[in-house]
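Computed over heavy atoms, backbone and side chain alike; hydrogens, waters and symmetry mates excluded. This structure is a prediction, so every number in the text was calculated from the model and none was measured. Each chain gets a letter, A, B and so on, in the order the sequences are listed, and its residues count up from 1.
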Amino acid sequence: MAAEGHSGIDALSQFKLAPVFGQLGDTLHISQANVMMAVASALTLLLMWVGMSPRAMIPGRLQSAAEMAYETVMTLCVEQIGHEGKKFFPFVFTLFFFILFGNLMGVFPLFFTFTSHIAVTLGLSLFVFLLVTFVAIKEHGLHFFSYFVPKGVPVVLLPLMVVIEVISYLSRIISLSVRLFANMMAGHVMLEVFAGFVVMLGTAGGIFLLPAALSLSVNVVLIGFELLVASLQAYVFAILTCIYLHDAVHLH
Amino acid sequence: MREEPGGPDGSFEERLKAARGRRGLDDPKTPKGFDPKGIESSPMGIGLRVGIELVAALVVAVAIGYGLDWLFGTKPILTALFVPVGGAAGVWNLWRVFAPKTG
C-alpha cells in the first residue's frame, strides 16, 4: 500500500475509491464504500437477528449485546429528547449502528472506512438536519421560526442576531459531518504514516530497527485509540442528533 | 425476608430495586448512562470541538455571502459582510456549548 515502489509515505491513497466486482461494479459504479455500507447494515441486522433469536430469559453473549444495544440507544433517546424520544428510536438506532460498524470495521485490515469520506458524513448530517427541521415545522408550524429570535435582545440588534442564529443553525450540518469525517480520516492517516515508518526504517536495518520497533508499538497503541474514537464518534453523532431533535420537539 | 427494605408493602419498583441491589445487579458506583458533556472533555476533544464549531459557522456564512453576491452581482460586498457575522455565529456556537449552566 504505502511506500510501494517509491520512497514517500502515501497516506491518502487508502481513501481512494475503486470499482469492485469487475465489469459489473464498473458499470453500476459500485465501490468499496458501497459494499462496506451494505456490510455494516448486514452486520447490524445480523447482530439483532441472531442475538435475539434464542429469546432466553438469561441471555447469552450475543443476546446480551443485542439487548444492551437496544437499551443504550433507548436511554439515549429518552434522556436527551424526553418522552417523545421513543418515536425517534428507530432512526437514532439505525444511525448509531450504521456509523459504529462503519467506524469499527475500518480498524481491521482489508476493510474500507466509509465514514472517512466527507460525502458520506455530509449525506448523513444533511439527512439529520432535514429531519430535525421537518420535525420542528411539523410540531410547531410557523412558530418554529421563533427559534431564530433569541429572547431579551434589544430590537436594534435583532436583525443581526437573527442572521447569526440562522448561520449557527445551518452550521450544524458542517460541524456534525466534519467532526466524524475528520476524526476517522485523521486516525487512519496516522496509522498509515506510522506503518510507513515501520516499513521504511525496518528495511533500512541496523540501528534503524529500534525506531522501527517504536513505530510499530505506536501503531499498536493507535489501533486501541482508534477503537475508542470509533465508538465515541458514533456515540457523539447519535447524541448530537438527539440533542437537535430535542430542540426540534421542545423549541429551546 | 419480611424486614428487608422495600418489603411487601413497597411498590413494585421499590421491591425490584431492592432485589436487584441484593443480587448486585445495580452497581451503585457506575452512574446510569454517562454525562453527554463529559464525553468530549479531554483537551484534544475540546480543542477539536472549538475548531470545528468556529470553522463550520464561518464556512456557512461565507457560502451564504458568496451565493448572495453571485445572485445580486455585488461581488465582494456581501461576502465581506458575512465573514464577521460568521465569526460571531461561531463564537455564539461555542458560547452555547461551553456556557456555564445557570438553571
Report task. Give a yes or no on whether A:Met190 atom CE has more than 12 heavy-atom contacts from other residues, nucleotides or ligands under 6.0 Å away. Result -> no
Query raised in the report: Counting only heavy atoms not in A:Phe127, do more than 12 fall under 6.0 Å of its CZ?
Result: no
Report task. Mind listing the closest non-hydrogen atom pair of B:Ala89 and A:Ser168 along with its distance? Result -> CB-N, 4.2 Å
Report summary line: Residues A:Ile164 and B:Ala88: closest non-hydrogen pair is CD1-CB, 3.6 Å
Requested in this report: Inspect the surroundings of CG in B:Leu71 and state if more than 12 heavy atoms from other residues, nucleotides or ligands are less than 6.0 Å away.
Outcome: yes
**Report entry** Distance, nearest 0.5 Å, that separates CD1 of A:Ile174 from CD1 of B:Ile52
**Finding:** 11.0 Å
**Report entry** Side chain, backbone, both or neither of B:Val59 within contact of chain A (heavy atoms, under 4.5 Å)
**Finding:** side chain
Query raised in the report: Should we count CZ of A:Phe144 as having more than 12 external heavy atoms under 6.0 Å?
Result: yes
Report task. Would you mind checking which part of A:Leu76 comes under 4.5 Å of any heavy atom in chain B, side chain (CB onward), backbone (N, CA, C, O), both or neither? Result -> neither
Query raised in the report: Per the side-chain contact (heavy atoms from CB on, under 4.5 Å) rule, which among B:Val85, B:Ile64, B:Leu81 passes with A:Val163?
Result: B:Val85
Report task. Please examine the side chains of A:Ser171 and B:Asn93, heavy atoms only from C-beta on, and report whether any two atoms are closer than 4.5 Å. Result -> yes
Requested in this report: Flag yes if more than 12 heavy atoms outside A:Leu228 fall under 6.0 Å of its CG atom; otherwise flag no.
Outcome: yes
